[in-house]
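Positions are given from 1, in the same order as the sequence printed here.
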Amino acid sequence: MLLFAMGINYAQSNLESVQRHDLVDSLKRQYFQSNPKNLDLLVSLLQEEPNPDSMLKYGKILFDESIKDSSNLMTFQGFLHLGNGHILKGELSQGLEYYFEGLKYA
């Protein structure tokens, strides 16, 4: 009985992982196909992205685009997600630096 319950739990978590991956892929496609670039899609992507390296990559893109648009809210979001990526990688002091920089735009 315990093994059956563990199997169901594993299958459920695996399904959620696949669904999240599909959502992230869909958000990436939508973002790169949008013209002009929709920064809200990028924020949604970053909120769902489980991979810290991807968080850093897309957080940097968000930061760069937000500076061009002079959008303080999106610049704050860029710093927040850059900080999150570093925290998830175990780079705590670097993550905190990004959080503190983001506060300047909040």
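- Other residues, nucleotides and ligands contribute only 12 or fewer heavy atoms inside 6.0 Å of the NZ atom of K57.
- Among residues two or more places apart in sequence or in another chain, the side chain to side chain contact (heavy atoms under 4.5 Å, CB included) test is passed with E48 by R20, L23, V24, L27.
- To the nearest 0.5 Å, atoms CG (L82) and CD (E101) are separated by 11.0 Å.
- Residues passing the ring-ring contact (aromatic ring centres under 6.0 Å, His included) test with Y105, sequence neighbours excluded: F79.
- Looking only at side-chain heavy atoms (C-beta outward), D40 and M74 come within less than 4.5 Å of each other.
- Summarising the local packing, CZ of F100 is surrounded by 12 or fewer heavy atoms from other residues, nucleotides or ligands at distances under 6.0 Å.
- With sequence neighbours excluded, the residues forming a side chain to side chain contact (heavy atoms under 4.5 Å, CB included) with Y99 are L80, N84, I87, L96, listed by chain and number.
- Remark: L45 CG to I61 CD1 distance equals 9.0 Å, nearest 0.5 Å.
- Nearest heavy atoms, F76 versus L103: CD1-N, 4.5 Å.
- Nearest heavy-atom pair, K37 versus F32, reported as atom, atom and distance to 0.1 Å: NZ-O, 2.8 Å.
- A salt bridge links K60 and D64; the closest N-O separation between the charged side-chain nitrogens and carboxylate oxygens is under 4.0 Å.
- Rounding to the nearest 0.5 angstrom, the gap separating the CG atom in L42 from the CZ atom in F63 is 13.5 Å.
- Listed here is the closest heavy atom pair of S34 and N38: OG-N, 3.1 Å.
- Between K28 and E49 there is a salt bridge, with a side-chain nitrogen of the basic residue lying less than 4.0 Å from a carboxylate oxygen of the acidic one.
- A donor-acceptor distance shorter than 3.5 angstrom exists from the side chain of T75 to the backbone of S71, with no hydrogens or angles considered.
- At least one side-chain heavy atom of H86 sits less than 4.5 Å from a side-chain heavy atom of L56.
- Scanning all heavy atoms of the two residues, the minimum distance from M55 to L46 falls at O-CD2, 3.5 Å.
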Could you please spell out the steps behind the side chain to side chain contact (heavy atoms under 4.5 Å, CB included) verdict for H81 and Q77?
CA-CA 6 Å; H81 291 291; Q77 289 283 336; 3.3 Å; yes
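- If you chain together hydrophobic residues whose side chains sit under 4.5 Å apart, L73 and L41 never meet in one group.
- For the pair K89 and D53, the minimum side-chain heavy-atom distance is below 4.5 Å.
- Interatomic distance, S44 OG to L39 CG, rounded to the nearest 0.5 Å: 11.0 Å.
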Are E97 and S93 close enough, and set up right, to give a side chain to side chain donor-acceptor pair (under 3.5 Å), and what steps lead you there?
CA-CA 6 Å; E97 286 179 32; S93 59; 5.0 Å; no
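- The heavy-atom pair separating G85 from P52 by the smallest distance is O-CB, 3.6 Å.
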